Amino acid sequence: MKKILVIGATSVIAQATIKLLAEDGAEFYLVGRNIDKLNIMATDLKVRGITRVDCYAMDVTAIEAHAEMLSKAINFLGGLDLAFIAHGTLPDQSACQLSVTKTITETNINFTSTIALLTLLAKYFEQKQSGHIAVISSIAGDRGRQSNYTYGAAKAGVSVFLQGLSNRLYKQGICVLDIKPGFVDTPMIARFKRNFLWAKPEYVAKKIVRAIKNKKQVLYVPWFWFFIMLIIKLVPKFIFNRLAL
Ligand SMILES: NC(=O)c1ccc[n+]([C@@H]2O[C@H](COP(=O)([O-])OP(=O)(O)OC[C@H]3O[C@@H](n4cnc5c(N)ncnc54)[C@H](OP(=O)(O)O)[C@@H]3O)[C@@H](O)[C@H]2O)c1
């Protein structure tokens, strides 16, 4: 994977993944809304021996900026081999319940922006007849729960979009990876109490890089979330509705 576009590059999971990808001597185009953080990352990558790295400041909800960002990334790197999408926010569900505006804002960040980016990326890779797309969704998308269903619905939408994309692009040798983490120790969930199910971002990054190399299409990380979510999905509705999940 030589030429890599990372959207949401300042995410702690993305940062850990970028460090691992850099060990193979990749080149990067880093996109995020905080240019200062991106510049620090670029400097760090240069210290690690990465010669080609540039940054682009973009709020992902500025859909009109996506095409320019992508064309700059392609020009700078001389093409793309991998696009990795990692941005996201975990809203307070009770705040979403009280506000249509908040619900729509969060959906725009976690769903609309991602499928807009994927539409452009799919077109690019399809024309190129090769490439790799990796996106972080979440186990929260596997079944709607009262504690986080605005976020969960957005992530479920992303996962279904990725399923369709994978089905469309597979025949052309383009790989689409849906990454479904459980709890990962990053600022996103810093307000929650830690428990034994939490994973380190470095561990998650290692599994992401391995899944990309092995051309996996779905990654539950850590692996046990596949079974936890399988059980949660199998709970009958009449019992599920009585639980506070
Ligand atoms: N941590 C978990 O437990 C967990 C579990 C399942 C899935 N995930 C998913 O993993 C991905 C990475 O999250 P993380 O855990 O690494 O959390 P994080 O460190 O808080 O990263 C979230 C990233 O999203 C970016 N972002 C948010 N809104 C944005 C916007 N409007 N425009 C551009 N960038 C925006 C943030 O940018 P700033 O740096 O500028 O704030 C930050 O880089 C997310 O998609 C998240 O939903 C996380």
Side-chain angles (χ1 to χ4, degrees), residues 5-20 29-42 55-66 69 83-93 102 104-118 133-143 145 147-159 161-162 177-205 207-208 211 218-226 228-229:
L5 166 67
V6 186
I7 298 160
T10 55
S11 122
V12 168
I13 295 175
Q15 290 189 52
T17 309
I18 289 166
K19 277 187 191 150
L20 291 184
Y29 199 76
L30 307 177
V31 179
R33 61 183 168 179
N34 185 327
I35 194 67
D36 295 335
K37 277 199 217 170
L38 293 173
N39 283 332
I40 292 168
M41 288 175 66
C55 310
Y56 186 93
M58 184 186 82
D59 187 303
V60 292
T61 57
I63 308 276
E64 67 287 354
H66 290 183
M69 175 279 295
F84 176 38
I85 301 181
H87 68 269
T89 47
L90 177 62
D92 175 10
Q93 179 57 41
K102 172 97 178 135
I104 289 172
T105 301
E106 293 299 332
T107 307
N108 284 341
I109 297 170
N110 289 309
F111 175 69
T112 314
S113 70
T114 305
I115 65 159
L117 287 161
L118 286 170
I133 295 171
V135 183
I136 308 184
S137 66
S138 172
I139 54 143
D142 280 15
R143 189 163 190 182
R145 286 173 288 127
S147 59
N148 66 359
Y149 62 85
T150 300
Y151 175 76
K155 292 297 193 178
V158 168
S159 289
F161 197 91
L162 291 171
L177 169 64
D178 182 1
I179 301 153
K180 292 176 172 237
F183 297 116
V184 188
D185 195 352
T186 73
M188 181 171 282
I189 60 163
R191 62 184 188 270
F192 301 140
K193 211 172 153 216
R194 260 192 197 78
N195 65 44
F196 67 99
L197 293 171
W198 284 38
K200 290 275 165 217
E202 294 75 19
Y203 169 85
V204 172
K207 297 295 175 187
I208 291 174
V218 181
L219 172 71
Y220 281 83
V221 57
W223 59 271
F224 51 76
W225 281 103
F226 171 81
I228 295 176
M229 294 319 292

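Just so you know, ligand 1 is whichever comes first in the structure, and atom 1 is the first atom listed for that ligand. Model, not experiment: these values are computed from the prediction.
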Rounded to the nearest 0.5 Å, the CD1 atom of Ile228 sits from the CG atom of Leu197 at a distance of 5.0 Å
Closest to atom 26 (N) of ligand 1 (heavy atoms only, candidates Arg33, Gln15, Lys155, Met188) is Arg33
Legend entry - Exam field: side chain Lys155 to backbone Ile136, donor-acceptor pair closer than 3.5 Å: yes
Exercise. Do the side chain of Asn34 and the main chain of Lys37 share a donor and acceptor less than 3.5 angstrom apart?
Worked result: yes
*Stepwise side chain to side chain donor-acceptor pair (under 3.5 Å) check, Thr61 with Ser113*: CA-CA 5 Å; Thr61 57; Ser113 70; over 6 Å; no
Using a 3.5 Å cut-off on N or O atoms only, is Ile13 in polar contact with ligand 1? yes
Item checked: Steps toward side chain to side chain donor-acceptor pair (under 3.5 Å) verdict (Tyr220, Asp178) -> CA-CA 9 Å; Tyr220 281 83; Asp178 182 1; over 6 Å; no
Any heavy atom of Ile189 under 4.0 Å from ligand 1? The part involved is side chain
Atom 23 (C) of ligand 1: closest protein heavy atom, distance to 0.1 Å, is Ser11 CB, 3.7 Å
Note: Val12, heavy atoms under 4.0 Å from ligand 1, region reported as both
Keeping the roles fixed (side chain from His87, backbone from Gly32), state whether a donor-acceptor pair exists under 3.5 Å.
no
* For the ring pair Phe183 and Trp225, is the centre-to-centre distance below 6.0 Å? -> yes
Looking only at protein heavy atoms, what sits closest to atom 3 (O) of ligand 1 is Val184 N, 2.8 Å
What one should report as the nearest heavy-atom pair of Asp92 and Arg191 is N-NH2, 4.0 Å
Rounding to 0.5 Å, atoms OG1 (Thr10) and CE (Met41) come to a distance of 7.0 Å
Atom 24 (O) of ligand 1: closest protein heavy atom, distance to 0.1 Å, is Gly88 N, 3.1 Å
Does even one non-hydrogen atom of Gly32 get within less than 4.0 Å of ligand 1? no
Under 4.0 Å between heavy atoms, the region of Lys37 that gets near ligand 1 turns out to be side chain
So for Ile136 against ligand 1, with non-hydrogen atoms under 4.0 Å, the contacting part is both
Atom 17 (O) of ligand 1: closest protein heavy atom, distance to 0.1 Å, is Thr186 OG1, 3.3 Å
Quiz item: Is the side chain of His66 donor-acceptor paired with the backbone N or O of Ala116 at a distance under 3.5 Å, no angle test?
Solution: no
Any N/O pair Pro187/ligand 1 closer than 3.5 Å: no
Query raised in the report: Just by distance, do the side chain of Ser138 and the backbone of Gly141 share a donor-acceptor pair under 3.5 Å?
Result: no
Query raised in the report: So, does Gln93 use its side chain to make a donor-acceptor pair with the main chain of Thr150 at under 3.5 Å?
Result: yes
For atom 11 (C) of ligand 1, the closest protein heavy atom turns out to be Ala86 O, 3.0 Å
**Q.** N/O separation below 3.5 Å, Thr89 to ligand 1
**A.** no
Short version for Ser137: what comes under 4.0 Å of ligand 1, heavy atoms counted, is backbone
Atom 30 (C) of ligand 1 has as its nearest protein heavy atom Val60 CG2, 3.5 Å
Under 4.0 Å from one or more heavy atoms of Ser138, ligand 1 contributes atoms 6 (C), 7 (C)
Do Leu118 and Phe161 make a side-chain contact, defined as non-hydrogen atoms from C-beta onward lying under 4.5 Å apart? yes
Looking at Gly182, Ala14, Ala140, the heavy atom closest to atom 4 (C) of ligand 1 belongs to Gly182
So the atoms of ligand 1 within less than 4.0 Å of a heavy atom of Phe183 turn out to be 3 (O)
Note: ligand 1 atoms sitting under 4.0 Å from heavy atoms of Met58 are 33 (C)
protein heavy-atom neighbour closest to atom 25 (C) of ligand 1 works out as His87 CB, 3.9 Å
Atom 31 (N) of ligand 1: closest protein heavy atom, distance to 0.1 Å, is Asp59 OD1, 3.0 Å
Checklist entry - Hey, is Tyr151 one of the residues with a heavy atom under 4.0 angstrom from ligand 1? => result yes
* To do: Please answer whether the main-chain N or O of Pro91 pairs with a side-chain N or O of Thr89 as donor and acceptor at a distance below 3.5 Å.
  => no
